[in-house]
Amino acid sequence: MVQHLKRWFQFSFESERASYQKASSLILPYADQRERGAVLLGMASDLSIGFNHGYRGAKEGPHSIHRILKAMRPSCSLPLYDAGIIDESDAATFEDMQARQYERLRAVLQLGHFPVMLGGGHEIAIGSYKALSDTVHQAANDWEEDGIAQIPNACASRVGIINFDACFELRPTLAARAGSAFHTVASYCRELHREFNYLGLGICDHVNSQAAFSYAKSLGAEWLLDRQMTMRNRKKIQATIQAFLNRVDHVHLSIDLSVFSSAVAEGVNMSRVYGVSLSVVEMALKQILTSGKVRILDIAELSPEFDYENQTVKLAAKLIQHSLKHL
């Protein structure tokens, strides 16, 4: 009996190890491949300390997501490439890290790949947007250049942000701070005379001040509150998303894991009793991704220190796989 159990457990461990090694081998190191694929790029930043009672430790998020993804079998037909993680060893300050992020994303986008940014705090969205906006504007002006033309709909340049989040991320600040990612983006658009198109899904009126709602309205932003993001209200959700998609050419899709309740996503930067259900988020993601307009995806605000039994990092990995499946 004992020998039988030993053989069974040995077989189980060997099978699990073989499965992990096989899944890992399907994620290739990124080396400017010409075959279009999804490129994972992490950024170990964390500006969330002291804002919205944020937890420390979101900068460990990319490492955790990498580990889980490498243990999962990819569910999409695209090749999956690993471009590594930008951290303090690459750059001394957040601005330096963002500059490296921008450079890498520009190169990835110009080759026609689909970047998946792993956070880290939601400030990763600043570099994501700037890289996408600059790439499509260059493509619109010079779409015949080798490499640039690989971007779909290269002759058009209207970029829209769809942000799944409890918070607008529109906190007015002079420099990048927690909660200010899309305020920084709006300022960037204003400086370069570009449209700022923003749709927030899952916005919580208990997290955002009245001033935040007023500022969002002044920017022309649109949003649905978390209590509106239900299956019962799916027709309004789908109509709102479709109307926004009809007005833009390219989509920067950003998912802050705080859009979910703490019961679903415990390891996030903000504790919440209520949130949007996974089924509603997946429904909305499918509609957005099958539009053919999404060019970049962010996953932000994973704090592994508070992630009991890796529940939240597994959720992040599932969202990535769900998204890539619908490209």
Side-chain angles (χ1 to χ4, degrees), residues 45-56 58 94 98 117 119-130 133 159-191 194-230 233 236-237 240-241 243-244 247-248 251-262 265 268-276 280-281 284 288 298-303:
S45 65
D46 182 8
L47 300 180
S48 61
I49 304 165
F51 179 64
N52 279 350
H53 308 288
Y55 299 141
R56 186 186 186 100
F94 169 70
Q98 190 180 93
M117 276 302 308
H122 212 152
E123 60 271 12
I124 64 170
I126 302 170
S128 293
Y129 183 90
K130 288 182 177 180
S133 181
V159 178
I161 299 159
I162 299 182
N163 180 33
F164 286 85
D165 201 342
C167 178
F168 278 116
E169 296 288 332
L170 287 169
R171 180 191 184 198
T173 56
L174 294 177
R177 295 289 184 270
S180 72
F182 294 118
H183 164 73
T184 303
V185 166
S187 300
Y188 185 74
C189 291
R190 191 180 308 115
E191 180 185 343
R194 295 175 184 174
E195 291 182 21
F196 177 71
N197 302 295
Y198 176 100
L199 174 61
L201 298 175
I203 299 298
C204 177
D205 51 8
H206 300 300
V207 172
N208 300 275
S209 66
Q210 190 58 48
F213 279 95
S214 297
Y215 181 50
K217 185 177 180 180
S218 73
L219 291 172
E222 301 172 62
W223 63 86
L224 290 175
L225 298 174
D226 51 0
R227 62 174 177 266
Q228 296 175 294
M229 295 287 290
T230 64
N233 200 34
K236 179 175 177 58
I237 296 169
T240 301
I241 290 171
F244 184 82
R247 293 196 301 273
V248 299
V251 171
H252 170 197
L253 179 58
S254 199
I255 304 174
D256 187 316
L257 295 170
S258 69
V259 76
F260 300 101
S261 72
S262 296
V268 298
N269 182 48
M270 181 174 59
S271 179
R272 295 187 66 204
V273 176
Y274 302 107
V276 183
V280 171
V281 170
I288 295 163
D298 300 328
I299 300 287
E301 298 295 0
L302 171 66
S303 295

- Rounded distance [0.5 Å steps], CG in L225 versus SG in C204: 8.5 Å
- Message: Do F213 and D205 make a side-chain contact, defined as non-hydrogen atoms from C-beta onward lying under 4.5 Å apart?
- Response: yes
- Message: Are I161 and Y129 packed together at the side-chain level, in the sense that at least one heavy-atom pair is separated by less than 4.5 angstrom?
- Response: yes
- Message: Could you check whether any side-chain heavy atom of H206 comes within less than 4.5 Å of a side-chain heavy atom of D226, counting everything from C-beta outward?
- Response: no
- Please report the closest heavy-atom contact between G119 and I124, naming both atoms and the distance. N-CD1, 3.7 Å
- Message: I need the minimum non-hydrogen distance between A216 and L170, along with the two atoms involved.
- Response: CB-CD1, 3.8 Å
- Message: For D298 and H122, which I'm curious about, is there any donor-acceptor pair between the side chains at under 3.5 Å?
- Response: no
- Side-chain heavy-atom pair S133, K130 within 4.5 angstrom cut-off: no
- Query: Roughly how far, to the nearest 0.5 Å, is the CD1 atom of I241 from the CG atom of L224?
  - Reply: 7.5 Å
- Message: Any heavy-atom pair between the side chains of R194 and Y188 that's under 4.5 Å?
- Response: yes
- Below 4.5 Å, heavy atoms only, C-beta onward: do F168 and H183 meet side chain to side chain? no
- Drop me the distance from I299's CD1 to L253's CG, to the nearest 0.5 angstrom. 7.5 Å
- Where do G202 and V259 come nearest, in terms of heavy atoms and distance? CA-CG2, 4.0 Å
- All heavy atoms of A186 vs all of F196, minimum pair found to be CA-CD1, 3.7 Å
- Query: Under 3.5 Å, side chain of N233 to main-chain N/O of Q228, donor-acceptor pair present?
  - Reply: yes
- Task: Please tell me if the side chains of W223 and N163 come closer than 4.5 Å, counting only heavy atoms from C-beta onward.
- Result: no
- Message: If I compare all heavy atoms of H252 with all of S128, which pair ends up nearest, and what's the gap?
- Response: NE2-CB, 3.6 Å
- Item | Atom pair CD (E301) and CZ (F260), whose distance is rounded to the nearest 0.5 Å | 13.5 Å
- Query: Mind checking whether M229 and I237 have side chains closer than 4.5 Å, heavy atoms only?
  - Reply: yes
- Message: Can you tell me how far apart CG (L199) and CD1 (I288) are? Round to the nearest 0.5 Å.
- Response: 7.5 Å
- Note on the structure: Of all heavy-atom pairs linking V159 and N197, the shortest is O-ND2, 3.1 Å
- Once you round to the nearest 0.5 Å, how far does CG of N208 lie from CD of E169? 9.0 Å
- Where do L219 and Y198 land on the side chain to side chain contact (heavy atoms under 4.5 Å, CB included) test, with the steps shown first? CA-CA 9 Å; L219 291 172; Y198 176 100; over 6 Å; no
